[in-house]
Every structure is written in structure tokens, then in C-alpha cells.
There are 2 protein chains.
Amino acid sequence: MQIENIIEQKNLKLTSARRELLEILLKENKPICFEDIKDKLTMNKATFYRNILKFQSNDMINSFESNDKKRYYELQNSPHSHFICNICNTIECLKKIDNIELEGYKVMDVVFKGICKNCLEQSR
Amino acid sequence: MQIENIIEQKNLKLTSARRELLEILLKENKPICFEDIKDKLTMNKATFYRNILKFQSNDMINSFESNDKKRYYELQNSPHSHFICNICNTIECLKKIDNIELEGYKVMDVVFKGICKNCLEQSR
DNA sequence: TACTTAAATGCGACTTAATCGCAACTGTAG
DNA sequence: CTACAGTTGCGATTAAGTCGCATTTAAGTA
Ligand SMILES: [Mn+2]
Ligand SMILES: [Mn+2]
Ligand SMILES: [Zn+2]
Ligand SMILES: [Zn+2]
């Protein structure tokens with residue numbers, strides 16, 4: 001199983017809450033926020049946030065806030081950036097943009113905001 | 001005065017709350033969050049947020065969330081992107097990165113996260 | 001298998017950003 | 001000066017996120 005491996009690699013206890021959370025994140029396969037999944041969650045919300053924190057400090061997930069002012073979490077399968085549409089609020093995962101470098105900085109994450117393909121087309 | 005012009009261009013009422021808020025944003029000249037300025041604010045916080053909203057819908061300010069989970073607001077003088085350091089949490093305004101284009105998208109804002117110059121140097 | 005213990009959990013209280021409805025107020029056009 | 005739409009203050013409300021503490025549990029060891 002993937003989950004067992006993920007947890008073991010990070011030297012974390014495999015608890016039922018963690019299994020549940022990782023299963024959700026795996027299944028979704030796109031950024032999700034607390035509101036999206038709170039009804040599915042068996043665990044207490046404090047446990048949810050503590051595990052999110054733990055996973056983040058172990059580089060297992062990343063998070064960012066979207067235009068709806070909600071924080072989105074996703075598994076860090078492969079590093080990639082995100083595009084958030086200012087019109088429809090859709091979050092898209094972009095393939096890694098490898099030409100983005102800033103002199104003197106180490107870029108680890110990029111979030112683009114603007115107008116997505118769909119919304120651009122509809123505005124014509 | 002700048003403020004009068006800004007407001008007039010957007011067909012908004014120039015109220016004392018709006019003058020105060022714009023003065024603060026002008027003076028700061030960098031992204032600030034509610035907590036940073038709430039003590040200076042004369043207006044009620046509902047008024048603060050309503051004006052922030054109004055200014056945003058009029059493209060006068062933009063906002064983004066930083067690593068400290070606080071939302072930062074700044075005047076949209078000239079379009080530019082931001083770099084947020086994952087170590088020291090500093091927010092830097094970057095000169096417009098003009099080579100950032102995504103096929104089919106209209107990019108209006110970019111937020112980079114990673115390690116800033118200072119923190120990179122200190123880690124050596 | 002049973003024991004041990006550090007780590008994880010549930011619960012309830014708490015903090016604080018952000019929003020909302022409503023009555024009172026104010027900026028601006030005429 | 002007046003009228004009125006738009007704005008404000010206030011108080012209540014919602015919801016994300018955090019915290020302390022008592023209880024439970026995963027996982028290593030005997
Ligand atoms: Mn993604
Ligand atoms: Mn800036
Ligand atoms: Zn869109
Ligand atoms: Zn830094």
C-alpha cells in the first residue's frame with residue numbers, strides 16, 4: 001500500500017486519523033480545503049489541523065490560500081505550480097514550470113493568479 | 001492630492017474612512033495585514049473590510065495570504081509580483097517579471113514562495 | 001503475547017478574521 | 001439647501017484555526 005510506505009518513510013505513527021486523511025488527499029488528487037471534506041472526516045478538527053501541520057513539516061503536503069479565502073491542501077506528489085482564476089475561482093495544477101528562476105532566490109512554489117482558459121474564451 | 005484623484009477616477013465617495021485607509025496604504029508602500037494597522041484604525045473593522053472589498057473590486061488594491069496565514073493588502077500602484085520567504089516570512093515586492101506567460105492564460109499576479117536572499121546566505 | 005511510553009487523539013474552550021443586518025449618518029449631485 | 005443612495009458603526013454571528021489536558025493508541029521491547 002502507498003500510505004503505509006509514505007508514513008514509514010517519514011517515521012510517523014500510522015494512526016487511523018492519518019490513514020483517513022491521506023486516503024482523502026490521495027483520492028481527491030487536487031487541492032482541497034477543510035470545508036470540502038469536513039463532513040467526510042471522522043476525526044476531530046483539531047486532529048485534522050495537527051496532522052496537516054505534521055504533514056507539512058514533513059514535506060508531504062503543501063498548502064496555499066485561494067481567492068475564496070480558504071486554505072487548500074494537497075499531496076506533494078510531484079512539485080508543480082498552481083493557477084487560480086480570478087473569475088471562476090478554479091484552481092488548476094500546472095506542470096512544473098522549470099524556467100522560473102529568480103536570481104539569488106530559491107523558488108519552491110509559485111502561485112499564478114489571473115484568468116483561466118475557459119473564462120478567457122467566454123469573454124470573447 | 002493623490003487620494004482625491006484615485007477616488008474620483010473610480011466614482012467612489014470620498015469618506016473619512018476611505019481617506020484614512022488610503023493614507024495608510026500609501027504611507028506603508030508595502031503589503032500590510034489587518035493586525036498591522038488595526039490599532040491605528042479609527043474606523044470600525046466592518047468598515048475596514050467593506051472598503052478593502054470595494055477597493056479590490058475596483059482594482060485599487062490586491063491581496064494575498066502569506067505564510068503567517070494573514071492576508072496582506074497593498075495598493076496596486078504598478079503591477080508586480082511577490083516573494084514570500086518560507087523561513088523568515090518576509091514579503092518582498094519584485095519588479096514585474098515580464099517573461100512570465102502561460103499559454104492560454106492571462107497572468108495577472110504571481111506569488112513566489114521559497115527562500116530569500118538573506119536566508120540563503122545565512123544557510124551557508 | 002504482554003508491557004511500556006512517547007506520540008496522537010477527542011473534547012471543549014478560546015481567539016480572531018471576516019461577514020451581516022439594521023439603524024443612523026454623510027457625501028455629493030442638483 | 002435638500003434629497004437620497006451609499007457608507008458607517010455597532011453588535012451579533014460564523015467559521016478557521018489553536019490550545020491545554022485527560023485519555024487512548026501505535027509500535028518497539030522483553
Ligand atoms: Mn496541484
Ligand atoms: Mn508589492
Ligand atoms: Zn476561470
Ligand atoms: Zn528569508
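Every value quoted in this text rests on a predicted model; they were computed, and no experiment measured them. Naming convention: chains lettered A, B, ... in sequence-line order (proteins, then strands); numbering from 1 in each chain.
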Distance, rounded to the nearest Å, where [X] contributes [atom1] and [N] contributes [atom2]:
| X | N | atom1 | atom2 | answer |
| --- | --- | --- | --- | --- |
| B:Lys70 | C:dT15 | NZ | C1' | 13 Å |
| B:Asn51 | D:dG6 | CG | P | 15 Å |
| A:Arg71 | D:dT18 | CZ | C1' | 14 Å |
| B:Lys69 | C:dA17 | NZ | P | 14 Å |
| A:Ile7 | C:dA8 | CD1 | C1' | 12 Å |
| B:Arg50 | D:dA5 | CZ | C1' | 15 Å |
| A:Phe34 | C:dA17 | CZ | P | 19 Å |
| B:Met43 | D:dG11 | CE | P | 18 Å |

Which pair of heavy atoms, one from A:Lys117 and one from B:Gly104, lies closest together, and at what distance?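 Nearest pair, atom of A:Lys117 first, then B:Gly104: CG-O, 3.4 Å.
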Nearest heavy atoms of A:Lys69 and B:Leu53, plus distance in Å: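 Reported closest heavy-atom pair: NZ-CD1, 4.0 Å.
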One thing to verify: whether B:Glu4 and B:Arg19 come together as a salt bridge, which I'm taking to mean a side-chain N less than 4.0 angstrom from a carboxylate O.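 Yes, B:Arg19 and B:Glu4 are salt-bridged.
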Any chance you could measure B:Gln9, atom CD, to B:Met60, atom CE, to the nearest 0.5 Å?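 Those atoms lie 9.0 Å apart.
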State the CZ-CZ distance between A:Phe64 and B:Phe64, to the nearest 0.5 angstrom.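 A:Phe64 CZ to B:Phe64 CZ: 16.0 Å, rounded to 0.5 Å.
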Phosphate contact ([N] OP1 or OP2) by [X] side-chain N/O below 4.0 Å:
| X | N | result |
| --- | --- | --- |
| B:Thr47 | D:dG9 | yes |
| A:Ser16 | C:dT9 | no |
| A:Tyr49 | D:dT18 | no |
| B:Tyr73 | C:dA17 | no |

Closest listed nucleotide, where the reference is the side chain of [X] and the choices are [options]:
| X | options | answer |
| --- | --- | --- |
| B:Ala46 | C:dT19, C:dT28, D:dC19 | C:dT19 |
| A:Arg18 | D:dT7, C:dC11, C:dT9 | C:dT9 |
| A:Leu14 | D:dG9, C:dA8, D:dA27 | D:dA27 |

Assess the residue pair A:Phe83 and B:Tyr105 against the criterion (ring pair (Phe, Tyr, Trp, His ring centres under 6.0 Å)); give the C-alpha distance rounded to whole Å, side-chain angles, the decisive distance to 0.1 Å, and a yes or no. CA-CA 9 Å; A:Phe83 188 93; B:Tyr105 297 87; 4.4 Å; yes
Could a donor-acceptor pair under 3.5 angstrom be found where the side chain of A:Lys13 meets the base of D:dT25?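 A donor-acceptor contact between them is present.
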Below 3.5 Å, does any donor atom in the side chain of B:Lys45 face an acceptor in the base of C:dA18, or the other way round?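 In this structure, the two groups form a donor-acceptor pair.
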Just report the end-to-end axis angle for the helix from C:dT1-D:dA30 to C:dG30-D:dC1, five pairs per end, to 10 degrees.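 Axis-to-axis angle, ends of the helix: 40°.
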Parallel under 30°, tilted from 30 to 60°, perpendicular over 60°: which one fits the rings of B:Phe48 and B:Phe34?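 Correct class here is tilted.
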